[in-house]
Enquirer: 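After the structure tokens below, expect a handful of questions from me.
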Amino acid sequence: MSQRWRLIFTPVDTWFFRESRPHGAAGADRLESLFPPPVRTVVGAIRTRIGECLNTDWQAFRRGEASFEGISINKLLGDSRSTGELSFGALQLFCQDQPLYPWPALLLEKKVLKKREEAQTEYVRLIPGKPVECDLGRVQLPELEHVCPGAKVPDNQYLSLSLMQDILKGKKPENNSTGMTRRDGLYLPEPRLGIARNANTGTVEQGMLYQTSHLRLKEDVAVSMELEGLPESVARRLQEDIEASPFIRFGAEGRMARVSIEPVKQTALPECPKVSGNEQGLMLMLLTDADFGDTRNAPLPGFKPVEKENVKLWHGSIHGLDMELHCVMAGKPVRRGGWDLKKGQPGDMKSYVPAGSCYFVKPLNRSLTDLMSLHGKTIGQQTDWGYGLIACGLWKK
Amino acid sequence: MIKNKRLPALEARYRISTPMFLGDASSDQCADKIRPPSVKGALRFWWRALAWGRLYTGDHNETLKDLHKEEGELLGYAAGGSDNKSENKGCQAAFRLRVHNDKSEKGREILTGIDYLLGQGITKRNEKMQYLASGGSFTVSCYPNQTMTETQHQQLEEALLCLGLFGGLGARSRKGLGSLSIQHLTGGSYSAPQNREEYCSLVARLLKNAELARAEPPYSAFSSLSRIDISSVGSDAFQLLLRLNDELQLYRSWGKDGRILGQEAERNFIEDHKWAYQIAKGRAPNSHPDRIAFGLPHNYYLSSATDSKKYVDVNLLKNQGQGRRASPLFSHVHCFANGDVILTQTLLQSLFLSGQQKLEVKCGSKKNKKTVCHVSATVNWSVIRKFMDRFEQREVIYGE
């Protein structure tokens, strides 16, 4: 197995990861930035940097003829559809050197504002509910552990490692507990106004304005991605190149990042909880966005609907482990496009299941402990891009 | 082929010596932290100030062309066109700039005692507007590109130093607010001064080329006509700011009923006072107040004039400029690591108004002012030099 590397990106100034809509979209005022950066943007930046450090002739690359010391750069780097011989890990956020995890779809937050007091925060978990008849058939929809009006899944919030591990153990955060990182703890939006310029006269074009909202990250916020499959000679060269010039174009609007590279000693993955016997199944949580293809017939790829005791369930297997899917808690799909550097045109737009989505499953012909081996594995398509990383949690009785 | 090792990164640590009125990206509120564009703009200013003496050939136009080229190569400049016809293709800076902020506190209380320095614009807003409190620190890191030469590296280092020796950031930075004191500097041949003696010798070393320019520069730059004073010393930055406020007000103000700041008004500018009343009486003298040397606009409120003629404004003729000429006097409060504080004042004597630019004099009520006359500006620089001379503790460390 080849050495695994981690590339860490920190901002030089602001960052901007353009959302997937044009500047002239009807009713649009300004383009917001996505955060965290889209996977393809980060993978693209890394692959371009590898190509640069190998002095790639990009014209030859477009023809599929780029090589370096007998290594085919085209085969190594791949293209917009494949990562070539490389394999990328999860896109990981860090704040003050501590990893942050996506907010699980099963955890709801309720804020109570009281006069002259700080906001009180209450947390409640969703559990697979009793079967109900709906457009999907008679299925188990999520329901609240206890009634909590006004509770919702917050946007753009992240959990610390310890809270994430508690969630996987089947617990929920204490009311008013710390360890949640809100959006304003990571970055502040910074609006910018752009002009169109007449290249011949060097003057501003009348009425041609555009607005973007950049991200100004707080100190000690970083983004990292792991990488595997680099030949030793290329890895050494990449290290030397980054050491000599640690800056990289990152995202849109010519923004820059400072990049560093280090060998991976330990993946930033929450600890897998231990089965105690008090569980009825497993909760699989997506730590990164996932590409499950067409999910109209089954929430997980390859799963088939079955009728059991007058309840609709789904049977299927992940990495050869058979299981029964009872309930899904997922957020809205995220739409990601990107830029195809090789073709010089926008990449295909696709929908992904968002990180934080939770799947409640029971083993078939296996023990729960066997299913726990899925912790840290990837599911779905495009897993070499870092999509579909799962963590295993406990579904308590 | 692996690229060559680059020049070392320059790292300068600055302390915010006095309250800083720095806006954020949306400019309507106080910044949370120092942003790279603010620092880059200030570095560009101080690089230009130093470059004039070094590049001056005796011909202003040729020197400006050389300066523009060098500035673009070091600090970057916008492209002149993508049609491949323009000589100015634009380029990126020869370094990457990064600002590492410490957690900075925002001041909320209204600053009392320095109203004259703040001016009415900020005093009014000060009730709502926050500022970055003094005492905070931040670090500016400049990472050279492959293209940067050793000469450019040194020039950048000198600009970083100038920012932390004479300058500041934010509104009223020429009046001592938002002063930055350089605390540490690594990666180059200079080091940050730790006391007054080191400060003086560093200034002499930095400005060794400025003497070469013996004519007034066309923009704010060091030349043989510049002067730098250590005007006052102490151990509290805000006390020095108070001193500057009082001295400036005593020197410039007419006072009310013959008194100002609890003492008899000095009335140093009787002719200016008479001139303004002449304007209010409908006369149009072919002259202007001496105090325009401190910058434009230069406005009067005449308490004894009739209601329709209480306001007299002196400013740049609108179609000839931006209606503003910043003060050529840079006040700066510098804190040393040992707790000593000095007030420095830098006079960058330069062409006051360019070419055929004229002053426009208006008179009227607050909302309805009419143009009275246009006059050419002849600046009396001794007005500022006399102000610098009034500080008893002064030591002239550069110029005369």
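Quick note on labels: first sequence line is chain A, next is B, and so on, each numbered from 1.
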Enquirer: Work out which heavy atom in A:V12 is nearest to a heavy atom in B:L97; give both atom names and the distance.
Expert: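 For A:V12 versus B:L97, the nearest heavy atoms are CG1-O, 3.2 Å.
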Enquirer: Between A:A244 and B:Q146, what is the shortest heavy-atom contact and its length?
Expert: O-NE2, 4.2 Å
Enquirer: Where the side chain of B:R98 meets the backbone of A:P11, is there a donor-acceptor pair that is under 3.5 Å apart?
Expert: yes
Enquirer: Tell me whether B:E150 at atom CD has more than 12 heavy atoms from other residues, nucleotides or ligands lying less than 6.0 Å away.
Expert: no
Enquirer: Would you say B:R35 and A:T14 make side-chain contact, with heavy atoms under 4.5 Å?
Expert: no
Enquirer: So for atom CZ, which belongs to A:R183, do other residues, nucleotides or ligands contribute more than 12 heavy atoms lying within a distance under 6.0 Å?
Expert: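 No, not enclosed.
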Enquirer: Any side-chain heavy-atom pair from B:N145 and A:S245 closer than 4.5 angstrom?
Expert: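 No, their side chains stay 4.5 Å or more apart.
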Enquirer: Find out whether B:R96 and A:R258 are in side-chain contact, i.e. whether some heavy atom of one side chain is under 4.5 Å from a heavy atom of the other.
Expert: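 Counting from C-beta outward, B:R96 and A:R258 never come under 4.5 Å.
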Enquirer: Check this for me: A:D97, atom CG, are more than 12 non-hydrogen atoms of other residues, nucleotides or ligands nearer than 6.0 Å?
Expert: no
Enquirer: Quick check on A:R182: does its CZ atom have over 12 non-hydrogen neighbours (other residues, nucleotides or ligands) under 6.0 Å away?
Expert: yes
Enquirer: Where on A:L188 is there a heavy atom nearer than 4.5 Å to chain B: the side chain, the backbone, both, or neither?
Expert: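 A:L188 touches chain B through side-chain heavy atoms alone.
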Enquirer: From the options B:D102, B:V99, B:N101, select the one residue that forms a side chain to side chain contact (heavy atoms under 4.5 Å, CB included) with A:E219.
Expert: B:N101
Enquirer: Who pairs with A:E65 by side-chain hydrogen bond (donor to acceptor under 3.5 Å, both in side chains), at least two apart in sequence or on another chain?
Expert: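 side-chain hydrogen bond (donor to acceptor under 3.5 Å, both in side chains) check on A:E65 returns A:R63.
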Enquirer: Just wondering, more than 12 heavy atoms not from A:E232 lying within 6.0 Å of its CD?
Expert: no
